[in-house]
There are 2 protein chains.
Amino acid sequence: MNLVVTIMVTTKGCYAMQISSRFSVGVHILSLLAINPNEHHTSEWIAGSVGTNPVIIRRVLGYLKKAGLVHVRAGSGGSTLARELDEITLLDVYRAVEVVEEGKLFHVHDQPNPSCPVGANIETVLQLLLVKAQHAMEGVLEAVTMKELVEVLSNQIKTKSAGE
Amino acid sequence: MNLVVTIMVTTKGCYAMQISSRFSVGVHILSLLAINPNEHHTSEWIAGSVGTNPVIIRRVLGYLKKAGLVHVRAGSGGSTLARELDEITLLDVYRAVEVVEEGKLFHVHDQPNPSCPVGANIETVLQLLLVKAQHAMEGVLEAVTMKELVEVLSNQIKTKSAGE
DNA sequence: TTTAGTTGTAACCATATTAGTTACAACTAG
DNA sequence: CTAGTTGTAACTAATATGGTTACAACTAAA
């Protein structure tokens, strides 16, 4: 006799907000353009490396193009870097893909009671601090250029392939 | 002759992700408990200052309670601080309300192609940096205690009421 | 012991973002 | 001209968020 018991486990439970993967996809794209300069980088080719749909890539490319980070050839296809690697910081990419608005990482509740002393003053006091926190985070992104990131990436690629 | 022109402007256009206002609501609640220690802080009373629904307040109070930051009296109602103000950092509140998971502020695309050198290595390289950025942000929150925040808040309240 | 008021939750709802997908017009190089 | 590509619009599914109603469980005070 065979007894098969199937237990369904729902992954649900503790989700929370996250900054859109548009950012990491953008970094991935720029890395590809830098590391394989001779490829014909169509959105389909890039999508194959990122592991997603070509349209997603075209959307992110649209942001990067709008920000002046890449050139995209319509028709014949293919993208190239529009700026030197050491002239692109991670913050540039982060801003390009518009994942978080300037000074608005934190959503502060916006209808506090103005006739309550705390309600009337909490917003400004908090906002000041939260913007500071946001800037600290963005400062780290600003301190790293795509050139540095690609160097680390290249080293890791070499190390790995050497280790095989 | 009267000519009335109504122009509808949709606010839509440049939204982006934000960290839930549960955090700012949590800070608001703790400030109220600290500044008006003699009040009977029912969820309804607090909701009046925050400008929202009592259930929202009870939800956030649930998080704060779970984290050991407040005591909540069921039945008779009312909440009080469970810890000294200088023993509560903004990071404690932020963690309590579970707005962002540890090390997961950034969503990194998770199906890069392992047979592509870039795809196979980008995740680890990026993740390292992004966690660093997240920590920088959280470090700012950790450096501020509720005591400090309430002091700034109190001063601003005094200044304002004196200026009238 | 009753009662009035409160908390803790579940169950909904509307809204918005995100990632993915299909479809197609416009474009471009050969 | 044509094959292949980009740029976009339109749609979907999944999920988070903030708000709301409803109600059982609880507690203090009359």
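So that the names make sense, note that chain A is the first sequence line, chain B the second, and so on, each numbered from 1. The structure displayed is predicted, hence computed values, not measured ones.
- Taking the side chain of A:S76 as heavy atoms from C-beta on, and the options C:dT28, C:dA11, C:dA19, the nearest nucleotide is C:dT28.
- Within the nucleic acid shown, A:G78 comes within 4.0 Å of sugar-phosphate atoms alone, with no base atom in reach, counting heavy atoms only.
- Residues of residues 21-39 of chain B that place a heavy atom closer than 4.0 Å to DNA chain D, in numerical order, are B:S21, B:R22.
- In this structure, the NE2 atom of B:H40 is 12 Å from the C1' atom of D:dA29, given to the nearest Å.
- Here D:dG19 presents its C1' atom at 15 Å from NE2 of A:H109, a figure rounded to the nearest Å.
- In this structure, B:D92 contributes its side chain and B:T89 its backbone to a donor-acceptor pair below 3.5 Å.
- Neither OP1 nor OP2 of C:dG5 sits under 4.0 Å from any side-chain N or O of B:T42.
- A heavy atom closer than 4.0 Å to some atom of DNA chain D occurs in B:T52, B:N53, B:V55, B:I56, these being the qualifying members of residues 46-57 of chain B.
- Regarding B:D110, its CG atom lies at a distance of 13 Å from the C1' atom of C:dG20, rounded to whole Å.
- The neighbour count for A:E39 CD, taken as heavy atoms of other residues, nucleotides or ligands under 6.0 Å away, is above 12.
- There is no side-chain donor-acceptor pair under 3.5 Å between A:T80 and A:H71.
- Judged by distance alone, the side chain of B:H40 and the main-chain N or O of B:S76 form a donor-acceptor pair under 3.5 Å.
- Classified by interplanar angle (parallel below 30°, tilted 30° to 60°, perpendicular above 60°), the ring pair B:Y94/B:F23 is perpendicular.
- In the set D:dT17, C:dT7, D:dT6, D:dT17 carries the atom at the smallest distance from any side-chain atom of B:S20.
- Residue B:E98 contributes atom CD, which lies 14 Å from atom P of D:dG18 at whole-angstrom precision.
- In this entry the distance linking NE2 of A:H71 with C1' of D:dT5 reads 18 Å, nearest Å.
- Among the heavy atoms of the strands lying under 4.0 Å from B:K65 are primed sugar atoms or P, OP1, OP2 only; no base atom is included.
- At the heavy-atom level, B:G75 lies under 4.0 Å from base atoms of the strands shown.
- A:N53 is linked by a side-chain hydrogen bond (donor to acceptor under 3.5 Å, both in side chains) to nothing, counting only residues two or more places apart in sequence or in another chain.
- B:R59 comes within contact range of at least one nucleobase, with a heavy-atom separation under 4.0 Å.
- Salt-bridge formation is not detected for the pair A:E142/A:R95: no Lys NZ or Arg NE/NH1/NH2 atom is positioned less than 4.0 Å from an Asp or Glu carboxylate oxygen.
- Proximity of B:H41 to B:N36: side-chain heavy atoms (C-beta onward) are separated by under 4.5 Å at one or more points.
- Between D:dT6 and A:S43, a contact under 4.0 Å exists linking OP1 or OP2 to a side-chain N or O.
- Counting any heavy atom pair closer than 4.0 Å across all strands shown, B:H107 reaches sugar-phosphate atoms only and no base atom.
- By the rule that hydrophobic residues join a cluster once side-chain heavy atoms approach within less than 4.5 Å of another member, A:V60 and A:V55 end up as members of separate clusters.
- Mapped onto DNA chain C by nearest heavy atom, B:R58 and B:M17 fall at different nucleotides, with B:R58 at the one closer to the 5' end.
- A salt bridge is defined here as a Lys NZ or Arg NE, NH1 or NH2 lying under 4.0 Å from an Asp or Glu carboxylate O, and B:R58 with B:E44 fails to meet this definition.
- Atom CD of A:E44 and atom C1' of D:dG7 are 16 Å apart (whole Å).
- Atom OH of B:Y63 and atom C1' of D:dG18 are 12 Å apart (whole Å).
- Remark: C1' of D:dT15 and CD of A:Q18 are 12 Å apart, rounded to the nearest angstrom.
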